[in-house]
Q: 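One structure is given below, represented as structure tokens, and several questions about it will come after.
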Amino acid sequence: MQPTGERPVRNHTPPSLIALHEAGYLFVSETIGSGTGIDIGCGLGTESAMLARSDRRVIGIDYHAETAGTAARVIDHAVCSDARSLPIASASLDWVCSSHIIEHFRDSSTHVAEIARVLKPGGTAVILTPNEPADFENPFHVNLFTPDRFLDELQRHFTNIEVRGLTGSAEVLNEFERRRRVGRAVLRLDVFKLRHRLPHQLLARLHSIGRRLAYPILNRKGGDVVVASDFQIIEENEISNDTLVLAAIARR
């Protein structure tokens with residue numbers, strides 16, 4: 001799979017970001033219960049495999065056919081599909097994982113509606129997305145959420161929702177702030193704000209190239225000290241602007 005800079009890929013993406021995603025999947029695994037479910041945006045299936053248990057069937061969904069094929073080698077099954085039109089029968093799944101997907105859609109409600117459609121009554125969905133105040137300028141993220149807006153979006157299709165946060169230790173937050181400082185330093189080179197005048201597709205392509213160049217530098221600066229156990233889940237009333245990720249549990 002060609003790294004885009006947006007997908008987490010081991011030995012390419014900074015270990016701090018890999019650890020952030022792993023911490024999210026650990027939370028999903030502790031929350032969803034047993035039965036058959038899907039991991040939307042499964043990528044290579046590396047994190048999806050963290051959901052595997054003897055009483056679970058894990059199906060991956062990815063928009064890129066070759067990537068889905070790779071994921072199918074490490075989980076029960078994987079298919080190529082748009083996350084806004086799932087090839088899954090209504091009310092057929094026990095659980096759904098959507099990790100860092102919803103922010104990629106301007107029409108995010110369509111994605112949430114599909115999650116609600118495929119869940120059985122009593123099924124559980126866990127949806128993770130960056131917390132808008134803590135996110136850094138990223139053309140792949142076209143629809144960021146605050147806790148209130150995230151809850152409003154999910155309430156269109158679910159009535160039983162808990163919003164929590166995923167944050168880290170002081171060392172973790174310092175590591176992510178270091179990455180933001182590097183990013184801000186790079187953006188200062190764009191003194192005329194030309195990036196805001198580029199077509200979005202071109203900007204995303206340039207951003208992808210920039211990440212592939214920057215990640216080896218970031219990886220040499222000590223980011224590998226961050227591991228999944230350095231992150232923790234917090235309650236909604238503890239979420240602040242420094243909280244890295246919003247994590248919602250939505251049940252039918």
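What you see is a predicted model, and the numbers here were worked out from it, not measured in a lab.
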Q: Indicate yes or no: at least one non-hydrogen side-chain atom of Ser34 is less than 4.5 angstrom from one of Arg53.
A: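 Yes. Closest side-chain heavy atoms under 4.5 Å.
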Q: Within a strict 4.5 Å, meaning less than it, do heavy atoms of the Phe176 and Leu244 side chains meet?
A: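 Result yes, sub-4.5 Å side-chain heavy-atom pair found.
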Q: Looking at side-chain heavy atoms only, is the closest gap between Phe145 and Glu132 below 4.5 Å?
A: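 Phe145 vs Glu132: side chains apart.
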Q: For Glu66, does its backbone N or O pair with a side-chain atom of Thr70 as donor and acceptor, under 3.5 Å?
A: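 Indeed, once roles are kept as given, a pair shorter than 3.5 Å links the two residues.
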Q: CG/Leu93 to CZ/Arg117 distance, rounded to the nearest 0.5 angstrom?
A: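 Taking CG in Leu93 and CZ in Arg117, the distance rounds to 9.0 Å.
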Q: Any donor and acceptor pair, going by atom type alone, linking the side chain of Asn241 with main-chain N or O of Pro133 inside 3.5 Å?
A: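 No.
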Q: Would you mind reporting whether Ile59 and Ile75 have side-chain heavy atoms less than 4.5 Å apart?
A: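 Ile75 vs Ile59: side chains apart.
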Q: Nearest 0.5 Å please: distance from the CD1 atom of Ile161 over to the CD atom of Glu236.
A: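 Going from the CD1 atom of Ile161 to the CD atom of Glu236 covers 10.0 Å.
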Q: Anything under 30° is parallel, anything over 60° is perpendicular, the rest tilted; go ahead and classify His141 against His104.
A: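 If you compare the ring of His141 with that of His104, the planes turn out perpendicular.
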Q: First locate atom CG of Leu246, then atom CG of Asn131, and finally report the distance between them rounded to the nearest 0.5 Å.
A: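 One finds 4.5 Å between CG of Leu246 and CG of Asn131.
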Q: Please give me the minimum heavy-atom distance between Ala49 and Val74, naming the atom from each residue.
A: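 Minimum heavy-atom contact is CB-O, 4.2 Å.
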Q: So which heavy atom on Gly165 is nearest to which on Ile239, and how close?
A: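 Residues Gly165 and Ile239, closest heavy atoms: N-CD1, 3.9 Å.
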Q: Is there a donor-acceptor contact under 3.5 Å from the side chain of Thr146 to the main chain of Arg149?
A: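 Yes; judged by distance alone, with no hydrogens or angles, the pair exists.
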Q: Measuring from Ile115:CD1 to Trp95:CH2, what's the distance to the nearest 0.5 Å?
A: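 Taking CD1 in Ile115 and CH2 in Trp95, the distance rounds to 12.0 Å.
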Q: For the atom pair NE2 (His157) and CG (Leu119), what is the distance rounded to the nearest 0.5 Å?
A: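 These two atoms lie 12.5 Å from each other.
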Q: Can you see which heavy atom on Phe158 is nearest to which on Arg251, and at what distance?
A: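 Looks like CD2-O, 3.8 Å.
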Q: Main chain of Gly43, side chain of Asp62: is a donor-acceptor contact present, judged purely on distance under 3.5 Å?
A: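 Checking the backbone N and O of Gly43 against the side chain of Asp62, a donor-acceptor pair under 3.5 Å is found.
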Q: Indicate yes or no: at least one non-hydrogen side-chain atom of Leu154 is less than 4.5 angstrom from one of Val112.
A: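 Sidechains of Val112 and Leu154: in contact.
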Q: Of all the heavy-atom pairs spanning Ser29 and Arg56, show the shortest one and how long it is.
A: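 Where Ser29 meets Arg56 most closely, the heavy atoms are O-NH2, 2.6 Å.
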Q: Do the side chains of Pro130 and Phe136 get nearer than 4.5 Å, heavy atoms only?
A: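 Side-chain contact under 4.5 Å: no.
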Q: For the residue pair Ala68 and Ala78, what are the closest heavy atoms and their distance?
A: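 Result for this residue pair: O-CB, 3.2 Å.
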Q: Tell me whether Leu128 shares a hydrophobic cluster with Val58, the cluster being built from Ile, Leu, Val, Met, Phe, Trp, Tyr side chains joined at under 4.5 Å.
A: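 Looking at the clustering, Val58 is in the same group as Leu128.
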Q: To the closest 0.5 Å, what do you measure between OG (Ser109) and CG (Asn143)?
A: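 The distance works out to 10.5 Å.
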Q: Which heavy atom of Leu20 sits nearest to which heavy atom of Val245, and what is that distance?
A: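 The answer is CD1-CG2, 3.9 Å.
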Q: Does the Glu238 side chain pair with the main chain of Glu235, one donor and one acceptor, at a distance under 3.5 Å?
A: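 Here the side-chain-to-backbone pair exists.
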